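Everything quoted here is computed from the prediction, not taken from an experiment. Atoms within each ligand, like the ligands themselves, are counted from 1 in listed order.
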Amino acid sequence: MLTIGCHLSSSKGYLAMGKTAVSIDANTFQFFTRNPRGGNAKALDETDVKDYLTYAAQHGINHILAHAPYTLNGCSADEHLRDFARRTMEDDLRRLEFTPGNCYNFHPGSHVGQGVEAGVAYISDMLNQILTPQHQTTVLLETMSGKGSEVGRNFEELREILDRVQLSDKMGVCLDTCHVWDGGYDIVNHLDEVLDEFDRVIGLKRLKAVHLNDSMNDLGSHKDRHAKLGEGKIGLEALTRVVNHPALSGLPFYLETPNELDGYAREIRMMRERYH
Ligand code: FE
Ligand code: FE
Ligand code: ZN
């Protein structure tokens with residue numbers, strides 16, 4: 001069975017997200033841990049979490065994916081912004097212990113002119129300060145499109161970060177199809193080779209989730225504009241090969257396409273029909 005879902009609003013809590021997911025035939029979902037632009041998270045409602053966990057178990061939701069606010073920049077040149085990123089991530093991970101065994105995805109950040117080496121060092125330092133052997137959440141680095149000075153624009157940069165994190169078994173990677181395409185990996189014509197390269201550079205065992213998006217732009221454009229499945233430059237045939245690829249079998253797939261709920265429902269139905 002294909003594990004597929006989409007990004008949902010977390011404003012009404014966990015149980016509401018679980019019910020919304022089930023209503024569109026999703027068996028997983030992604031959500032922002034707080035306002036995507038940053039700021040304080042709402043107090044965690046432990047009753048909601050408990051009700052959600054019961055509901056999820058009854059409805060076959062076995063994984064969910066938390067996403068850090070995308071403004072978080074753990075490799076900013078500004079010490080205050082780095083400190084803010086670290087405290088936010090620490091707090092997110094503390095809260096995620098209430099729903100143990102899931103993943104927490106974040107954008108490595110932008111080095112804003114200091115260079116990739118400095119960026120990689122700041123990100124791994126931050127992770128080394130935060131992660132403890134007790135954490136029950138796996139932290140994922142997302143593959144980025146390389147717009148501006150984004151770190152994580154190729155598999156090597158993610159590998160550099162992973163190599164420097166001491167509690168390595170707490171770390172994984174989330175592959176975003178729009179981002180890798182925009183980053184120059186030709187998943188349309190050379191999916192096997194791209195996944196082989198991922199395996200060689202990072203290791204497929206690190207891959208814990210896939211963001212399933214089409215792209216408005218061409219291969220190597222470094223733009224990061226998501227398109228609805230089949231309405232972009234990647235196309236439905238290539239995305240169908242992604243969900244059916246044996247190297248990705250069993251992974252959860254998350255839509256981050258420009259859709260409302262009915263559009264997500266349609267894309268989930270479409271990919272379930274195309275999965276064999
Ligand atoms: Fe993301
Ligand atoms: Fe993504
Ligand atoms: Zn994106």
**Q.** Atoms of protein origin (N, O or S) under 2.8 Å from the Zn ion (ligand 3)
**A.** His179 NE2, Asp224 OD1, His226 NE2
Q) Does a side chain donor of either Thr257 or Asn259 reach within less than 3.5 Å of an acceptor in the other side chain? A) yes
Q. Would Arg266 and Asp262 pass as an ion pair if we require N to O under 4.0 Å?
A. no
Q) Taking atom types as modelled, is there a side-chain donor on Asp224 or His222 under 3.5 Å from an acceptor on the other? A) no
Q: To 10°, measure the NE2(His107)-the Fe ion (ligand 1)-OE1(Glu142) angle for me.
A: 90°
Q: Determine the interplanar angle of the His107 and His67 rings, folded into 0 to 90°, and report it as parallel if under 30°, tilted if 30 to 60°, perpendicular if over 60°.
A: perpendicular
Q. Any N/O/S atom of His211 sitting less than 2.8 Å from the Fe ion (ligand 2), backbone or side chain?
A. yes
Q. When you look at Leu8 and Leu261, which way does the side-chain contact (heavy atoms from CB on, under 4.5 Å) test go after all the steps?
A. CA-CA 9 Å; Leu8 294 177; Leu261 205 59; 4.0 Å; yes
**Q.** Aromatic ring proximity Tyr264/His7, centre distance under 6.0 Å
**A.** no
Q) Can you tell me if His67 has an N, O or S atom under 2.8 Å away from the Fe ion (ligand 1)? A) yes
Q.
Is the distance from the ring center of Tyr55 to that of Tyr14 below 6.0 Å?
A. no
Q: Could you tell me if the ring centre of Phe198 sits under 6.0 Å from that of Tyr185?
A: no
Q: State the atom name: nearest N, O or S atom of Glu256 to the Fe ion (ligand 2).
A: OE1
Q) So which N/O/S atom does Asp176 have closest to the Fe ion (ligand 2)? A) OD2
